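Report on one structure; see the data block that follows.
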Amino acid sequence: MPLLQVLRPTLPILIGASIMLTLSMGLRQSLGIFMPPLTHDIHLSVSDFTLALAVQNLAWGFLQPLAGAMTVRYGFRPIMIAGALMYIAGLALMATANGLVSIMIGAGVLIGTSLACTAAAIAMSVAARAVPETVRSTVLGIVSGAGSLGALPSAPVGQMLNEGFGWRIGLAGFVVMSVLMIPAAWYAGRVDAIPLPKPAADDIGDATAASVTRAAFGNASFAVMTCAYLVCGMQLVFLTTHLPSYLAICGLDPMLSAQTLGMIGGFNVLGSLFFGWAGQRWNKLALLGAIYLLRSLALAWYFMLPATPFSTLLFGAIMGFLWMGVGPLVAGAVAEMFGLRWQAMIQGLAFMSHQIGSFLGAYGGGLIYDTLGSYSMAWRIGVALGLAGGIVQIAFALIKPTAPPLLRTA
């Protein structure tokens with residue numbers, strides 16, 4: 001049966017989830033554009049701004065399991081709509097900020113909490129529930145790819161408004177774009193009316209959040225995947241936060257950073273589609289390790305050479321292809337190991353590790369730059385940890401295939 005025919009009944013849900021994801025991720029990935037003028041205008045250091053983004057990543061990561069658990073009790077729609085409203089409030093507070101406290105609350109706490117309710121873990125869980133298992137990995141790749149398109153308009157629009165009218169107007173433009181998340185979340189919330197499939201014998205079904213957490217971390221394959229996921233967050237957030245600053249240091253056109261983020265977003269679509277397709281056919285955890293290895297090699301190549309417009313755009317294309325391909329692989333692996341009922345929460349547990357890495361990438365990169373006046377040590381650490389994480393992930397995936405969870409229910 002053609003894929004479109006299979007998906008037709010749930011297309012509004014999938015489109016809503018994709019739009020919600022593309023806006024939440026695209027706007028967030030483009031915030032680094034405003035770092036130079038914002039910090040100069042309200043007298044913040046680079047590490048002050050990156051601390052706010054680091055808080056965002058920690059709030060996102062540590063609240064993600066809670067948001068996932070709340071979808072089990074209350075459904076997806078109210079959680080996603082609440083997240084969309086917090087995103088709007090966070091951007092509005094940033095646009096009117098005059099000091100560190102407003103940036104910390106807006107960019108850090110509010111947007112971080114919103115992402116826990118609107119970004120990949122929730123959107124992927126919605127998509128996974130809406131489609132049959134036979135096409136699940138492919139559809140997760142499609143939703144992840146569609147969710148990658150947000151950087152294509154948001155980065156150039158933000159940069160044009162920033163250059164033409166100032167960073168406050170640029171952020172105001174982001175506020176207007178974020179309003180579209182509300183109807184997207186409403187349509188994606190139709191998934192609440194779809195009954196869960198009959199669970200397999202080894203799925204986690206009716207259990208408590210505490211017992212599900214113990215079962216997840218008692219699964220060796222999940223534990224290794226979660227540890228390696230830290231590298232993913234560290235590398236990606238380091239780039240989205242610090243690449244505009246690095247290009248400015250190199251004396252390149254400020255618009256190049258927006259073009260590179262747009263390039264990442266465009267090739268992200270291709271990578272998400274490919275890894276969604278590949279995850280339907282090959283070992284998902286081994287593919288994750290391959291992504292970490294290839295990213296690390298690309299980072300080493302780019303930062304070892306003098307930055308040029310061509311090398312920067314090529315680097316953006318390579319990293320974009322390897323960017324959100326992890327999304328369908330992690331979501332698919334969690335669904336295979338634990339079933340669908342608790343997928344959002346368990347995926348959130350893994351995502352906490354990702355966000356600890358994001359904290360290190362955002363704040364650690366800024367701290368190293370403020371201390372040493374260079375990003376050299378930061379990218380070398382990112383490359384070394386990425387190579388180590390990728391090798392361990394591949395080796396464990398091939399030596400020890402995923403095993404079903406052992407769950408004791410009361």
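Numbering of residues begins at 1 and proceeds along the displayed sequence. All values below were derived from every heavy atom in this structure, side-chain atoms included, with hydrogens, water molecules and symmetry-related copies excluded. Just so it is clear, the model here is predicted, and its values are computed rather than measured.
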Checklist entry - So do Tyr229 and Ile356 actually touch side chain to side chain, heavy atoms under 4.5 Å? => result no
Item to check | Trp277, CH2: over 12 other non-hydrogen atoms inside 6.0 angstrom | outcome: yes
Checklist entry - Taking all atoms of both residues into account, what is the closest heavy-atom pair of Ala84 and Ser114, and its distance? => result N-OG, 4.3 Å
Checklist entry - Run the side chain to side chain contact (heavy atoms under 4.5 Å, CB included) check on Val109 and Thr113 step by step: do they pass? => result CA-CA 6 Å; Val109 177; Thr113 304; 4.2 Å; yes
Checklist entry - Are the side chains of Leu171 and Trp167 in touch, meaning some heavy atoms are under 4.5 Å apart? => result yes
Checklist entry - Please, which pairs that meet ring-ring contact (aromatic ring centres under 6.0 Å, His included) have at least one residue in residues 15-69, sequence neighbours excluded? => result Phe34-Phe174, Trp60-Phe351
Item to check | side chain to side chain contact (heavy atoms under 4.5 Å, CB included) evaluation trace for His354 with Met234 | outcome: CA-CA 7 Å; His354 182 283; Met234 182 180 62; over 6 Å; no
Next on the checklist: Just verifying a value: how many Å separate Met94 CE and Ile103 CD1, rounded to the nearest 0.5 Å?
Outcome noted: 4.5 Å
Next on the checklist: When you measure from the side chain of Gln347 to the backbone of Ser125, do you find a donor-acceptor pair of N or O atoms at a distance under 3.5 Å?
Outcome noted: no
Checklist entry - Can you tell if the side chain of Arg295 reaches within under 4.5 Å of the side chain of Cys232, non-hydrogen atoms only? => result yes
Checklist entry - Looking at Val224 and Gln393, what are the two nearest heavy atoms and their distance? => result O-OE1, 4.1 Å
Next on the checklist: For residues 70-129, which residue pairs pass the ring-ring contact (aromatic ring centres under 6.0 Å, His included) check, not counting sequence neighbours?
Outcome noted: none
Checklist entry - Counting N and O atoms only, with roles assigned by atom type, does the side chain of Lys284 sit under 3.5 Å from a partner on the main chain of Leu329, one being a donor and the other an acceptor? => result no
Next on the checklist: How long is the straight-line distance from OG1 of Thr22 back to CE of Met177, given to the nearest 0.5 Å?
Outcome noted: 8.5 Å
Checklist entry - Taking the side chain from Arg28 and the backbone from Ile111, do they hold a donor-acceptor pair closer than 3.5 Å? => result no
Checklist entry - For the atom pair CD1 (Ile81) and CD1 (Ile79), what is the distance rounded to the nearest 0.5 Å? => result 10.0 Å
Item to check | Gly189 versus Met80, closest heavy-atom pair with distance | outcome: N-CE, 3.5 Å
Checklist entry - Is a donor on one side and an acceptor on the other found under 3.5 Å between the side chain of Thr71 and the backbone of Gly68? => result yes
Checklist entry - Would you call Leu27 and Leu91 a side-chain contact if the rule is heavy atoms closer than 4.5 Å? => result yes
Checklist entry - Quick one: does Leu63's side chain get under 4.5 Å of Leu115's, heavy atoms only? => result no
Checklist entry - In Å, rounded to the nearest 0.5 Å, how long is the span from CE of Met181 to OG1 of Thr118? => result 4.0 Å
Checklist entry - Heavy-atom distance under 4.5 Å between the side chains of Met160 and Phe165, does that happen here? => result no
Item to check | side chain to side chain contact (heavy atoms under 4.5 Å, CB included) between Leu387 and Leu297, worked out | outcome: CA-CA 8 Å; Leu387 292 173; Leu297 294 175; 4.2 Å; yes
Next on the checklist: I need the Ile169 CD1 to Glu163 CD distance, nearest 0.5 Å.
Outcome noted: 15.0 Å
Checklist entry - Would you say Arg77's side chain and Ala185's backbone share a donor-acceptor pair under 3.5 angstrom? => result no
Next on the checklist: Looking at Leu14, is its backbone amide N or carbonyl O close enough to the side chain of Ser18 to form a donor-acceptor pair, meaning the two atoms are under 3.5 Å apart?
Outcome noted: yes
Next on the checklist: Strictly distance-based, threshold 3.5 Å: is any side-chain N or O of Ser353 a donor or acceptor partner for the main-chain N or O of Ala350?
Outcome noted: no
Item to check | Minimum heavy-atom distance between Leu93 and Gly106, given as atom pair plus value | outcome: CD2-N, 3.6 Å
Would you mind writing out the side-chain donor-acceptor pairs for residues 311-320 within the sub-3.5 Å range, not counting sequence neighbours?
{"unit_1": "Ser311", "atom_1": "OG", "unit_2": "Thr308", "atom_2": "N", "d": "3.0"}
{"unit_1": "Ser311", "atom_1": "OG", "unit_2": "Thr308", "atom_2": "O", "d": "3.1"}
{"unit_1": "Ser311", "atom_1": "OG", "unit_2": "Thr308", "atom_2": "OG1", "d": "3.0"}
{"unit_1": "Thr312", "atom_1": "OG1", "unit_2": "Tyr302", "atom_2": "OH", "d": "2.8"}
{"unit_1": "Thr312", "atom_1": "OG1", "unit_2": "Thr308", "atom_2": "O", "d": "2.7"}

Checklist entry - Do you know which two heavy atoms are closest between Ala228 and Gly389, and how far apart they sit? => result CB-O, 4.1 Å
Checklist entry - With a 4.5 Å limit on heavy-atom distance, are the side chains of Leu44 and Leu38 in contact? => result yes
Checklist entry - Can you check whether Tyr187 reaches Ile15 side chain to side chain, under 4.5 Å on heavy atoms? => result no
Checklist entry - Given the rule in the side chain to side chain contact (heavy atoms under 4.5 Å, CB included) test, do Val326 and Tyr292 qualify, once you have shown the distances and angles that lead to the verdict? => result CA-CA 9 Å; Val326 299; Tyr292 303 152; 4.0 Å; yes
Checklist entry - Quick check: does any side chain N or O of Gln56 sit under 3.5 Å from a backbone N or O of Ala107, one acting as donor and the other as acceptor? => result yes
Checklist entry - Atom CZ in Arg380, atom CG in Leu385: separation rounded to 0.5 Å? => result 14.5 Å
Next on the checklist: Are there over 12 heavy-atom neighbours, none belonging to Arg281, within less than 6.0 Å of that residue's CZ?
Outcome noted: yes
Next on the checklist: Taking Ile13's backbone N and O only, do any of them form a donor-acceptor pair with Arg190's side chain (distance below 3.5 Å, no angle check)?
Outcome noted: no
Item to check | Minimum heavy-atom distance between Ala123 and Ala17, given as atom pair plus value | outcome: CB-O, 4.0 Å
